[in-house]
Colleague: 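Please see the structure below; I have some questions.
Chain letters run A, B, ... following the sequence lines, proteins first and then strands; every chain starts at 1.
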Amino acid sequence: MGAALLCAPFYRLLSEPARARAAIAPKRIIFWFSPNGTVHKHWRPAGGETDFSFAAGSILEPLAAHRDSLIILDGLDFVGTRGGSHEGGMEHALTGGGGPSLDQFMASQLGMATSFPSIELGVQTSAWGASIQTRLSYNDKHQYVHPEDDPGAAYRRLFGGAGPTTSSTPSTGSAPAVDPRKSVLDVVRGELNALKKQLGAEEQIKLDAHLDSLRQIERRTAGAAAAGGASCAGMQAPKIADPKSNEQFPEVGKLQMDILVAAAACDLSRVLTLQWTHTVSPTIFSWAGASEGHHELSHKDDGNQAGVAAFVLAERWVTEQFVAFLDRLKATPEADGSGTLLDTSTVVWVKELGDGRLHDFKSVPFIIAGGGNGYWNSGRYLKMDAVPHQKLLVSLGQSMGIAMESFGSDMVTGALGGLTR
Amino acid sequence: MTIHGSITALVLVVALAAGGCQPETSEAGAAPRGAAPGAAAVGSNAPGGTASAAPGAAATPGAPEDCSLQTPAPRRLWRLTANQYDNTLKDLLGIESSYGTGFPADDVGVGFGNGAEALLMSPLLADKLQSAAEDSSNAIELARLAPCVSASADDRCLRELVTSFGKRAFRRPLRAAEVETYFTLSKSTGAFDSGARMIVSAMLQSPSFLYRSELGQPSASVPGVFDLDNYEVASELSYLLWQSMPDDALFQAAERGELRDLTKRQAQVDRMLKSERARPVVRKFVFDWLGLATIMTVPKDTVTFPELTGEIRGAMVQEAERFVDAVMFGADAQHDGSVRALLNADTSALDNKLASFYGASPEARRGILTLGGMLLTHSRSNDSSPIHRGKLVREKLLCQPLPPPPPGLVLQPPGLDPNKTTRERYAEHSSNAFCGNCHKLMDPIGLAFEHYDGIGRYRADDNGLPIDPSGEIVPNENQVQANTDADGAFMNSGELIDQLANSQDVQSCYALSWFRFAYGEGRTERDGDRYPSCQAKRFQAAIGGAGGGGSLREIVDALTQSDWFLTRSGGAATPSTAEPEPERTLPSADPAQPAPDAGATGMQAPVGLVVERTVDNDWGMGYCHTYQLKNTSAEPITWSLPLDVRGKLNNHWECNASGDTGSVVFTGVDHNKTIAPSGMAQFGFCGTVN
């Protein structure tokens, strides 16, 4: 796979030269996932490339106010999926073929600049455990990268500060204080390396995963990034009684969006992901009038008008959350005064199926939002014919200044035309 | 039959957790348009088309190893699960721990979330472990860890702390070098208190704490086999039966070197199984195996089912727990923890609230399948579900996993219709041969439970219409063994339960499920789980052969008595005592590397090549096999594989074959003949048999 040549395990990046960035490039990218495909006739905008509009009652109608900062992509297909149906789509959406996911690949290329190479937050993603149904992100060994579903825990991890046993790390000429955390990590790392020597190839995977994990912690402990701390967040630590209950789904989503925006504003990471539930989700969107699980709603045949209408209502609610997210980004200025977070970021709405009723991969809906520092040629509705979506993944990677011509599949090369200024 | 989008009239039901089968005709299973050749190759190995259950499943499910070699399971490290972490912290530090509940969810694997291959460290988990270690090390009373703390908080005490706490934390005595390392670490803070706490914090982040060691020492007699030491066996016992670290008695037995002795080990098993601590573990097995863990949270439509309150759900959980406890730890043959007991035992010990919620039924509910909580979790949000219930029996009681529906069909659950029974609404499944191929394996079973609605209440009829609970367990041609002794028709759920309770194959599936739980045999979802390992098969045979009906005691004894409880394999060689078998793994005949000297005593040449075989198809008169080769060594391998070809080759791919029958040597073609370290290659062939 093309990506395999470009991926670097985190540890190698300590010696990688800084990448040349394009003159205009988005500051960060945010992946925003919602499941179970769509019903195209209620999703597609009306009109042409620049004069498109959203029909009354359609799924995307709430986005009308943001129309000029969107690129609606219609006609991207999933090709080369390793499996079919929901699971195959979920795995394929960001990997393009079963290797690392694009967000993790980007993190490996860009993540050294920030405290966290990437940040993954979720909204009730894991009631069914970790599986190809519930995971969107994969590292360079195609191992799951888990989202944090608990807003309280997410807040503590991102804004909780250096921890109780870390002493300050002076950068002056005076003798540095012994950092207890670093000492502990040194011992643990030594033990892992000793085990590596003793064991066969099988357990290398586990030991390497552990060593890679420690490297990420060590980077933060060593003070790799200045930003952080509760004062940066500009929000209170969230309190939510039961983040796993169906009824709390909207509140969890809202809190996670707040945290994500705060993390972006503090520049804790430039690759961020928000995953709303997971494919085949049983969540009942009762607040949007639904009485059946979201997955069941996504299986309403065209002859079942009431059923399809219920699905559309549920999806409109999701769109409203997307709009709320864009609005929050728009209301948050960059610390360096270069604009709002919406101006400087790319937001990508990702799905895992085309027509949910058919479990197919034709015209899987994608939407690019945000100005990306002027990188995107926004306000467009692009209708394509069976274009492999790996090209979109390439375009997104290139937008972050990464030189790449393929992603996830050797058979698909090149970027998607017509996206950039 | 071609499938196009115009089949709006074709109404099928899709199981919420993706159940379904590959059709025998392959057209609808065609690879997605523009599929990369790689993907198509994967797909084409699956019988009947692509869209297989999991990525890679078609190419590399758990293919049968060569079981005649009786190779023990590989040496391994086994990361603690979140639940084990909390239990262990409680035993080790004497504090309540709920840190584990916040850990990222683990790979669900075959259902227990404890697959040894799947439990990996991740950056998110490492962060949480660091926080948990620091928080708990700050929270504990140091005097509890070592008596010397109250007496004299000095260097000698620090050393003692390292040694005695370390022995419990690492579940084995520390080596001298380790003692020095941790002592030095503790001195780095300059103060006793912070130094002592640093020891605790560091040890809780150590791989010696976080992973259970099943590495052993090289066997004196058999090359390639490793004997687990007493401490490792102690942890095996305690994590199996208590999901936590060994207690003092078990540590002492380990110190006395007793645990490799069968009788002494038995005595410990006895003791531990009788303890209250075993109950939540056995309960967890049953709940995870059969899908009872989500009674509190599974979303239900409050409009259709306003009577389902949180209180009722809680009562159902308690009912299920009481039932499982009574069946698994009972005193008589009807409550011996066998699957027969689980299926048969009556459930009359209800509280009044639940009794009136469920409603009276003409015949008493029987067994785990009719527990309200079971029916609740195996239904749709606003309806019952023959698919969920049928799938439960197929996948969990018959161990026949079902792949998801193929793409390209309109899949819509039948809407609620007050004028039709469930059977009528789902009729499309049987009238349509394409759907029926798969749904015949589920629906006729699940429809037996139609007297129980979507929240587990009894109903005499379905919206006033009569319920027909008859059905059939039909043979499953997707399985290597299509027929089971549970097959056959039944008139109602009672007869179905009888069929299942009396079935050896169900008992065998129960045994397999226990084995998977106990050994973390973790075919992850990505690997597929069609073939049990050799150890699992031996275990199943042992339980079946014992003739005792597979009680809990029998199962636990068999799990803890066998040689695989005491040994692992790995390192340089596999045992050379067995007759060479056709599918033996052998290193290459690359002239650059001298062939291993077969006459040498002791070790053979390193085995770097792991071979897995998939039986794609075997119809008696012919067969197709795919082989996957994995290079687990540190050097490239130019491979050749001598195999005994049954019948005559009529087709082969991705390889060269030296002949077409009998002893044939397979080698690679240009792009796969040399496998890089950690790389893979694949080839296959078909043959006809006269």
Colleague: Please list, chain by chain and in numerical order, all residues satisfying salt bridge (charged side-chain N to carboxylate O under 4.0 Å, His left out) with A:Glu191, sequence neighbours excluded.
Modeller: none
Colleague: Are the side chains of A:Leu207 and B:Leu77 in contact, using a 4.5 Å heavy-atom criterion?
Modeller: yes
Colleague: At what distance, to the nearest 0.5 angstrom, does CG of B:Leu120 lie from CG of A:Asp208?
Modeller: 10.5 Å
Colleague: Sub-3.5 Å donor-acceptor pair from the side chain of A:Glu292 to the main-chain atoms of B:Asn382, do we have one?
Modeller: no
Colleague: Which one of A:Gly152, A:Ser213, A:Gly129 has the most heavy-atom pairs closer than 4.5 Å to chain B?
Modeller: A:Ser213
Colleague: Taking the side chain as everything from C-beta on, heavy atoms only, tell me whether B:Tyr182 gets closer than 4.5 Å to A:Val187.
Modeller: yes
Colleague: Answer with side chain, backbone, both or neither: which region of A:Ser291 has an atom nearer than 4.5 Å to a non-hydrogen atom of chain B?
Modeller: both
Colleague: Would you indicate whether the side-chain heavy atoms of B:Leu124 and A:Arg157 approach each other to under 4.5 Å?
Modeller: yes
Colleague: In Å, rounded to the nearest 0.5 Å, how long is the span from CD1 of A:Ile132 to CG of B:Asp107?
Modeller: 9.5 Å
Colleague: Between B:Leu210 and chain A, which part of the residue has a heavy atom less than 4.5 Å away: side chain, backbone, both or neither?
Modeller: side chain
Colleague: Any chance you could measure A:Leu214, atom CG, to B:Met121, atom CE, to the nearest 0.5 Å?
Modeller: 7.5 Å
Colleague: Between A:Gly293 and B:Ser381, what is the shortest heavy-atom contact and its length?
Modeller: N-OG, 3.5 Å
Colleague: With the side chain counted from C-beta on, respond yes when A:Ser183 and B:Met198 share a heavy-atom pair under 4.5 Å apart, and no when they do not.
Modeller: yes
Colleague: Taking A:Lys206 for the side chain and B:Arg76 for the main chain, is one N or O donor matched with an acceptor at less than 3.5 Å?
Modeller: no
Colleague: Which bit of A:Leu195 comes within less than 4.5 Å of chain B, counting heavy atoms only: side chain, backbone, both or neither?
Modeller: side chain
Colleague: To the nearest 0.5 Å, what is the distance between CG (A:Leu192) and OG (B:Ser206)?
Modeller: 7.5 Å
Colleague: Atom NZ in B:Lys128, atom CG in A:Asp150: separation rounded to 0.5 Å?
Modeller: 6.5 Å
Colleague: Could you pull out the closest heavy-atom pair between A:Phe116 and B:Asp127, with the gap in Å?
Modeller: CE2-OD2, 4.3 Å
Colleague: Output the option from B:Ala202, B:Ala634, B:Pro299, B:Pro104 having the highest count of non-hydrogen pairs under 4.5 Å with chain A.
Modeller: B:Pro299
Colleague: With a 4.5 angstrom heavy-atom cut-off, is it the side chain or the backbone of A:Arg189 that approaches chain B, or both, or neither?
Modeller: neither
Colleague: Are A:Arg181 and B:Glu134 close enough for a salt bridge, meaning some N to O gap below 4.0 Å?
Modeller: yes
Colleague: Which region of B:Thr101, side chain (C-beta onward) or backbone (N, CA, C, O), has a non-hydrogen atom less than 4.5 Å from a non-hydrogen atom of chain A, or is it both or neither?
Modeller: backbone
Colleague: Using a 4.5 angstrom heavy-atom cutoff, name the option from A:His210, A:Glu120, A:Glu247, A:His92 with the most pairs to chain B.
Modeller: A:His210
Colleague: Would you say B:Pro123 and A:Ile217 make side-chain contact, with heavy atoms under 4.5 Å?
Modeller: no
Colleague: Side chain, backbone, both or neither: which part of B:Thr189 has an atom under 4.5 Å from a heavy atom of chain A?
Modeller: neither
Colleague: Among B:Thr297, B:Asp383, B:Leu185, B:Thr184, who wins on heavy-atom pairs under 4.5 Å with chain A?
Modeller: B:Leu185
Colleague: B:Arg568: which residues meet the salt bridge (charged side-chain N to carboxylate O under 4.0 Å, His left out) condition with it, sequence neighbours left out?
Modeller: B:Glu214, B:Glu236
